[in-house]
Amino acid sequence: MPQYGSGLFVSIAHLIRGLFGGTTVTADVVMTVINSLIIWALIALAALSLILLERKVAGWMQLRTGPNRLGPRGWFQTVADAMKLLGKEDIFPAAADKWVFGLAPMFVIGLSVMVMAVIPYGKGMVPVDLNVGIFYLLAVSALTTIPFFMAGWGSNNKFALLGGMRAVAQMISYEIPLVFSLLGVVMITQTFKMSAIVNAQSHVWFILLQPLGFVVYTIAATAETNRAPFDLVEGESELTAGAFTEYTGMRWALFFLGEYANLFIVSAVAATVFLGGWQGPFLPGWIWFAIKVLFMVFLFLWFRWTFPRLRVDQLMHFGWKVLLPLSVANILLTGVGIYIYQLIYPAIGG
Amino acid sequence: MIKTQELEINLGPQHPSTHGVFRMITKLDGETVTSVESKVGYLHRGMEKLAESRTYTQYIPYTDRLDYLASINNNLGYVQTVEKLMGVEVPERAEYLRIIFGELQRLASHMVAIGTGSLDLGGFTPFLYTFRDREKILDLFEMTIGGRMTMNMPRIGGIIEPPEEFWPALNKFLGEMPGSIEEYHGIITGNEIFQARTVGVGIISPELAEQIAVTGPNLRGSGIKWDLRKNAPYGIYDRFDFEVPVGVNGDCFDRYIVRVREMEESIKIIHQAVRDIPEGPTFAKVPKLIKPSVGEVYHRVENPRGELSFYIVSDGSTKPYRLRIRGGTFVNIQVLPYVAPGWKLADVIAILASLDIILPECDR
Amino acid sequence: MFGKGLAKGLGITFRHMFDKKITEFYPEDMPTLPPRTRSSLALNTPKCISCGMCSSACPNKVITLTTDKNESNKKFLTSYHMDLTRCLFCGLCTEACPTKALYTTTEFENAVYFREDMQWDMMQRYRDKVASGEIKEEVKPETKQEEAKDNG
Amino acid sequence: MGNIGGGLVFLVFALVTVFSAYLVISSRNIIHSALFLILTFIGVAALYAMLDADFLAMVQLLVYAGAISIMVVFGVMLTLRGGPENSNGDTRNAIGGAIAALLTFVVLGMVIFTNSAWLTTGTGISGGSTVSDVSWLLLTKYVVPFEVAAVLLLVAMVGAIILAKGVDDSK
């Protein structure tokens, strides 16, 4: 396995592997444990920093400074908030469906961990490089509907129920354009493997080949993460806090964590699939990856702090009647494009 | 047709989007609202009864607390009513100052209306932009009278003279205002999502508006050109040249855009007033103890939220025998059960926001 | 074209990201309020002529003052109490004051932990202010000081 | 899957699948039933993945657990009258059900164990991943069934829309 210039983390991983005898089962198990610990840490880190970033960006856009009290320029604010949430009372509503209500937040975070396992963070830095990587990612993130529904139902609260219903309806409608928008890239690369998709972009980023796919993906991903202008699940102006109305303390914080982990995931997928992943000159791959993810995150934050919210039927209308045809058209165009390309360069494709 | 179970939801009295303590009992079929029952009165403080135990002057600060976003307009309405009862002639300069401050207050109030309107549709940032500009107006008020929300500024027979530094600050504000309105248009009016949420939503037909006696921008949004400043001028409004903007469809967007255009008209009025304001005293000769003769009086003014009128019965003592307030919100809110059904839950919030209610005025 | 308005909005928010922020860092940078600000009330005791105009101008009976008469039949203040829990900060009392002994100040940090702390003894507050050097005590007529001494 | 670890994992997922399938039918609360159904689907997906049918596993996850079960849940949630307690009714014909299940089990077992061709594992068509195999087969050998299924789904969709829109009640 040539790992030239692959950077710090890969070397560390090799070192640890070497300690346990290279490719033995023990080494595999140890690496899996370490990888999952890293992913957990990454989720916590991503959520904490993204929450702060969100508040800072929101502040700047609104002519405020954002959090500015704790630590240098307020950079420790979310840490303090997390501590506060940890210390809060965990309230179960009397009429709640205890098991469903209690398990929902854990599923949110569990699914995020499952998804984050297949993202290529840098050259050779894919915790699990599945053959069906991107498809696995979509399949698992489709399951994120369930915890939202569980939260909405389990709370036994009318606002929460409406929020849960919206979550389900919204995710079902946006899952399909999301999948289809990524299919164009899959058609070009002929693989679902995340690392192969990144490798295929060493010359040209797929945002240039798939601009329509990128646009559709960005919109669908905004809806998938329940962020404005598609934040109907929370919809605070009509549903107070939607599906999370009854949640308190750490359980609520887990939802929050899940939301930002999801934000990170969709940004990471966009960076991987459309922006060339960790490819880039001079800097190590994982730094390039971080830069691209931050760019996507900023895009989502920017949308959130500029746009009002769509109505639920407009959201459905937009998803089914605008995005879906667009994404199908994208697939068609890509197919035609590949066909023409193959006529010119018969070598490519299978 | 697949039927779903009807869901009864209490929006309010504690709810982020009911602008205070307003309660809507909504019945939902899925997301579609089938009926709305509006409940008011959670903020009832007996404002009318309080007047009976306060002297005429002492009641002025209470009118601040009717429509707290337009306190100077309330003050003016009340003060002019008492002046009408007593037959007091207010000095020219005071009249002009009243126009300036009344219109500044209208601007501030409309800024809140469009800002919170955007907030209720989920757009948080425009809300803070409007509040940034409102802050400038409040600074002007603070400079003049010392209050920001509850100004208690006009007095029976006059108004308080603003300090020297007020005039340059006012000019600076007026200079910045067109840019700000341009910004509102950019971030709210022109936004396709905002338009999708408001155009054609919650149409109040002119007939309905007339039957319920809706007033203010909500009435004008329905296309009826009725503005007391033009149709029954009080103070010296007849001397100013301004348009009465009206909407076409009577939907939420029209009510919004009428407010923005009224802001532009208000700026025009302030410009004219600043140009024409004469020198002179700002207080008429009024006895220290206000004791109107026996009689009754009715006076109405155009407030940012519709007509505000006072009806005072005097028994010749220093306190009103009976005082009755007709607030715009209380009437405007009554269209909700007629307009809301058939729309989605989020639309009801949009309609409520476009009505621009303020509960203290409604419940009194 | 669809999306033009959205793009314009995005442009506005992006521009504002680099604008000057308008946040006030309150406890560090105290805001300078205009002199007319009605955020607190203070009594300049020596100026007070104990006429009771403020008390009768108040819509909410915030002010209760007690007076006494000296030998020369001149009224002087024995206590001046304000119940801030009921105060509207409307400024009618300061307007009514003929000598401007009662005046509004720009101190705005009036929050207290206990309800009783909202009961202000204005004369005591004046003495505290003089003691802390915040305001200079007005030179009182010679006779008045003696009278005060006589009364205890 | 000869090693002990693989067998253990299989056992865990099989138990999860069977147990949650049992809970689907025994749960009194219909929402719980629906949620356990999702768990069953996920367990089945895991079993597929263990059989190296990773594409099928993902389809199972995406379509069954992600979409179909959600539709079930949605339908239940929207049409539920009264509380969720005892909404699943009694499982009355326990004996009859047991006999039917036993018979099904026996028949399946006979089919599996008497048909020796099932016991051998198939080899890939192109030697590539399962995805390319599946797509290759779908668009060549099985193109007619594929299109027929598509038409069937289209008909079902049209029917669903007509059902949902329904006849005007006001008549």
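Chain naming here is simple, since letters A, B, ... match the order of the sequence lines and numbering starts at 1 in each. Since we're looking at a predicted model, the values are computed, not measured.
Here B:Leu121 is the residue among B:Leu11, B:Leu121, B:Leu352, B:Val348 with the most heavy-atom pairs under 4.5 Å with chain A. Between chain A and the options B:Thr32, B:Asn191, B:Leu345, B:Val201, heavy-atom pairs under 4.5 Å are most frequent for B:Asn191.
In this structure, CG on A:Leu310 lies 13.0 Å from CZ on B:Phe194, to the nearest 0.5 angstrom. The distance from the CG atom of A:Asn157 to the CD1 atom of B:Ile9 is 8.0 Å, given to the nearest 0.5 Å.
Just one residue in the list B:Leu119, B:Ile193, B:Thr198 forms a side-chain contact (heavy atoms from CB on, under 4.5 Å) with A:Pro308, and that residue is B:Ile193.
Within a 6.0 Å sphere centred on CZ of A:Phe295, heavy atoms belonging to other residues, nucleotides or ligands number 12 at most. Within 6.0 Å of atom NE2 in A:His317, 12 or fewer heavy atoms from other residues, nucleotides or ligands are found, so the atom counts as exposed in its surroundings. Enclosure of atom CZ in A:Phe92 by more than 12 non-hydrogen atoms of other residues, nucleotides or ligands within 6.0 angstrom is indicated.
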Could you check A:Gln62 against B:Arg132 for side chain to side chain contact (heavy atoms under 4.5 Å, CB included), going step by step and ending with a plain yes or no? CA-CA 9 Å; A:Gln62 293 160 357; B:Arg132 168 201 64 194; over 6 Å; no

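Smallest separation of non-hydrogen atoms from A:Arg311 and B:Ala346: CG-CB, 4.1 Å.
At least one side-chain heavy atom of B:Tyr129 sits under 4.5 Å from a side-chain heavy atom of A:Leu63.
Side-chain atoms of A:Lys158 come within 3.5 Å of backbone N or O of B:Glu8 as a donor-acceptor pair. Of the possible donor and acceptor atoms, one in the side chain of B:Arg197 sits under 3.5 Å from a partner among the backbone N and O of A:Arg309.
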